[in-house]
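Some notes on the structure that comes next.
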Amino acid sequence: MKIAFVGKGGSGKTTLSSLFIRHLAAEGAPVVAVDADINQHLGAALGLDETEAAALPAMGEHLRLIKDHLRGANPRIASADTMIKTTPPGEGSRLLRVQEDNPVYDACARPVELDGGAVRLMVTGPFTDADLGVACYHSKTGAVELCLNHLVDGPGEYVVVDMTAGSDSFASGMFTRFDMTFLVAEPTRKGVSVYRQYKEYARDFGVALKVVGNKVQGPDDLDFLSAEAGDDLLVTVGHSDWVRAMEKGRPPRFAALEDSNRLALRTLREAADATYERRDWERYTRQMVQFHLKNALSWGNERTGADLAAQVDPGFVLGESVTAGA
């Protein structure tokens, strides 16, 4: 299952995504965690110290390797130079799976040991001073989008992506790549404004969206979120001594997490798992192609000097029964 955590800056989405990742790992589920936020904090939230987090390989620095691997023997893609972030797979492409070893994971993923198991962690890499004025952050998240386009995952497998804050993720088609999107909202006007904006943008794309209320301190906060989010409000999370200790770098065993918050995490997993029966691989592939053609016309053809529409394999539908190319 592919799961995104979104929300305004400071809403607690990175903290909640890290708790959800820990919850999955504690239950023995295979997990690939991806930090796609402009502020790279997921590694620290999963317990890495500053040195370990800084040593994580940036996916953007291995973009050619990623493209070369995913291109495989697809005859519609002449070279890695003609692949862009939206390039869809086709006959002969190599696909990624959650539980496998491959050159992409070897170069870009690192194991992180958590209570009860380990997860693979991948990061886009931070937005640096060298990027200012010459690069858009979405050039870094393009590596994530390309991998998601070539990912085949099944039930009980999880890819959890900590997205960039606010509605910034709509600058690409990546927001359509998920089975479930959890929007973390504080009980404030600013908190729910991001929810309303996200819901409006995602309305025409069949995005499964649920609100997770965070920093809820009492009935007034709950009433506010219920009135603003309605049926989209899935669960709320309140104060956590465990989280406070984790933010100080001294997390206790995950089994010590408060029962109410453990129940909230279980609710998130159940909601994500329930989307499996509603998966529509044809729509997923169609949206992938639509965003690719849009990007090809707006900038991709000019930048690569190729007709990127020719990369689309009209008979190809991504799905769990598809086998990877040579």
### Task
Mind running side chain to side chain contact (heavy atoms under 4.5 Å, CB included) on L318 and M288 for me, showing each step along the way?
CA-CA 10 Å; L318 189 66; M288 188 191 313; 4.2 Å; yes
### Task
Would you please test L19 and F254 for side chain to side chain contact (heavy atoms under 4.5 Å, CB included) and show each step?
CA-CA 9 Å; L19 288 176; F254 189 64; 4.1 Å; yes
### Query
Run the side chain to side chain contact (heavy atoms under 4.5 Å, CB included) check on V216 and V237 step by step: do they pass?
CA-CA 6 Å; V216 174; V237 178; over 6 Å; no
### Task
Run the numbers on L148 and V34 for side chain to side chain contact (heavy atoms under 4.5 Å, CB included), then give the verdict.
CA-CA 11 Å; L148 290 175; V34 183; over 6 Å; no
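Side-chain contact between I3 and T181: absent, with no pair of heavy atoms (C-beta onward) separated by less than 4.5 Å. V159 places none of its side-chain heavy atoms less than 4.5 Å from the side chain of F178. Counting heavy atoms from C-beta outward, S93 and L70 have side chains that stay 4.5 Å or more apart. With a 4.5 Å cut-off on side-chain heavy atoms, D81 and R64 count as touching. Looking only at side-chain heavy atoms (C-beta outward), K199 and L209 come within less than 4.5 Å of each other. Residues R196 and E200 form no side-chain contact, since every pair of their non-hydrogen atoms from C-beta on lies 4.5 Å or further apart. Using a 4.5 Å cut-off on side-chain heavy atoms (C-beta onward), R76 and F316 make no contact. In this structure the side chain of F182 never reaches within 4.5 angstrom of the side chain of K13, judged on heavy atoms.
More than 12 heavy atoms of other residues, nucleotides or ligands shown are found within 6.0 angstrom of CG on D280. The 12-atom threshold is exceeded at CD of E247, counting heavy atoms of other residues, nucleotides or ligands nearer than 6.0 Å. Shown here is E282, whose CD atom has no more than 12 heavy atoms of other residues, nucleotides or ligands within 6.0 Å. Under a cut-off of 6.0 angstrom, the local environment of CD in E100 is crowded, with over 12 non-hydrogen atoms contributed by other residues, nucleotides or ligands. Heavy-atom contacts from other residues, nucleotides or ligands closer than 6.0 Å to CZ of R203 number more than 12. Crowding of E27 atom CD: a count of heavy atoms from other residues, nucleotides or ligands under 6.0 Å exceeding 12.
L308 contributes atom CG, which lies 4.0 Å from atom OG1 of T304 (distance to the nearest 0.5 angstrom). Distance check, rounded to the nearest 0.5 Å: CE of M59 to OG1 of T124 gives 8.0 Å. Once rounded to the nearest 0.5 Å, the distance linking OG of S193 with CD of E228 reads 10.0 Å. Expressed to the nearest 0.5 Å, how far CZ of R177 lies from CG of L146 amounts to 11.5 Å. Rounding to the nearest 0.5 angstrom, the gap separating the CZ atom in R244 from the OG atom in S240 is 10.0 Å. Atom-to-atom distance recorded for L257:CG and L265:CG is 6.0 Å, nearest 0.5 angstrom.
Pairing each heavy atom of A185 with each of G191, the nearest pair is CB-O, 3.8 Å. A306 and T82 make their closest contact through CB-CG2, 4.2 Å (heavy atoms, listed as atom of the first residue, atom of the second, distance). When all heavy atoms of R97 and Y105 are compared, the pair lying nearest together is O-OH, 2.9 Å. In terms of heavy-atom proximity, A109 sits nearest to M122 at CB-CG, 3.6 Å. In terms of heavy-atom proximity, V161 sits nearest to A36 at CG1-CB, 3.8 Å.
Checking side-chain atoms of D313 against main-chain N and O of E91 turns up a donor-acceptor pair under 3.5 Å. For the pair T275 (side chain) and A271 (backbone), a donor-acceptor distance under 3.5 Å is absent. Listed for the W242 side chain is no donor-acceptor partner under 3.5 Å among the backbone atoms of N261. Between the side chain of D162 and the backbone N or O of L42 there is no donor-acceptor pair closer than 3.5 Å. Between the N295 side chain and the I84 main chain, no donor and acceptor come within less than 3.5 Å of each other. Formation of a donor-acceptor pair under 3.5 Å by the R110 side chain with backbone atoms of E52 is not found in this model. D179 contributes no side-chain N or O that, together with a main-chain N or O of M1, makes up a donor-acceptor pair within less than 3.5 Å. Under a 3.5 Å cut-off, the side chain of E302 and the backbone N or O of W299 do not form any donor-acceptor pair. Although no hydrogens or angles enter the test, the distance criterion places a donor-acceptor pair under 3.5 Å between the side chain of Q40 and the main chain of D37. Distance alone, capped at 3.5 Å, is enough to place a donor-acceptor pair between the T285 side chain and the W281 backbone.
Of the candidates V235, V184, L225, T15, N214 forms a side chain to side chain contact (heavy atoms under 4.5 Å, CB included) with just one, namely V184. Here the options are H292, Q290, E145, the test is side-chain hydrogen bond (donor to acceptor under 3.5 Å, both in side chains), and the partner is T86; only H292 passes.
Under the 4.5 Å side-chain heavy-atom criterion for grouping Ile, Leu, Val, Met, Phe, Trp and Tyr, V144 is connected to V98 within one hydrophobic cluster. Under the 4.5 Å side-chain contact rule for hydrophobic residues, V160 and M163 do not share a cluster. In the hydrophobic cluster analysis, where Ile, Leu, Val, Met, Phe, Trp and Tyr join through side-chain heavy atoms closer than 4.5 angstrom, F224 is grouped together with L222. L96 and M174 fall within a single hydrophobic cluster, where Ile, Leu, Val, Met, Phe, Trp and Tyr side chains are chained together by heavy-atom contacts under 4.5 Å. Both V243 and L16 are members of a single hydrophobic cluster when ILVMFWY side chains are connected at heavy-atom separations under 4.5 Å.
The side-chain tip of K8 does not point at the ring of Y195 from less than 6.0 angstrom away and within 45° of straight on.
Counting only residues at least two apart or in different chains, ring-ring contact (aromatic ring centres under 6.0 Å, His included) contacts with residues 20-39 comprise F5-F20.
Using a 4.0 Å cut-off between charged side-chain N and carboxylate O, D68 and R94 make no salt bridge. Looking at D153 and R279, a side-chain N of the basic residue comes within less than 4.0 Å of a carboxylate O on the acidic one, giving a salt bridge.
Between F291 and F205, the ring center distance clears the sub-6.0 Å criterion.
For the residue pair T87/Q311, the side-chain donor-acceptor check at 3.5 Å is satisfied.
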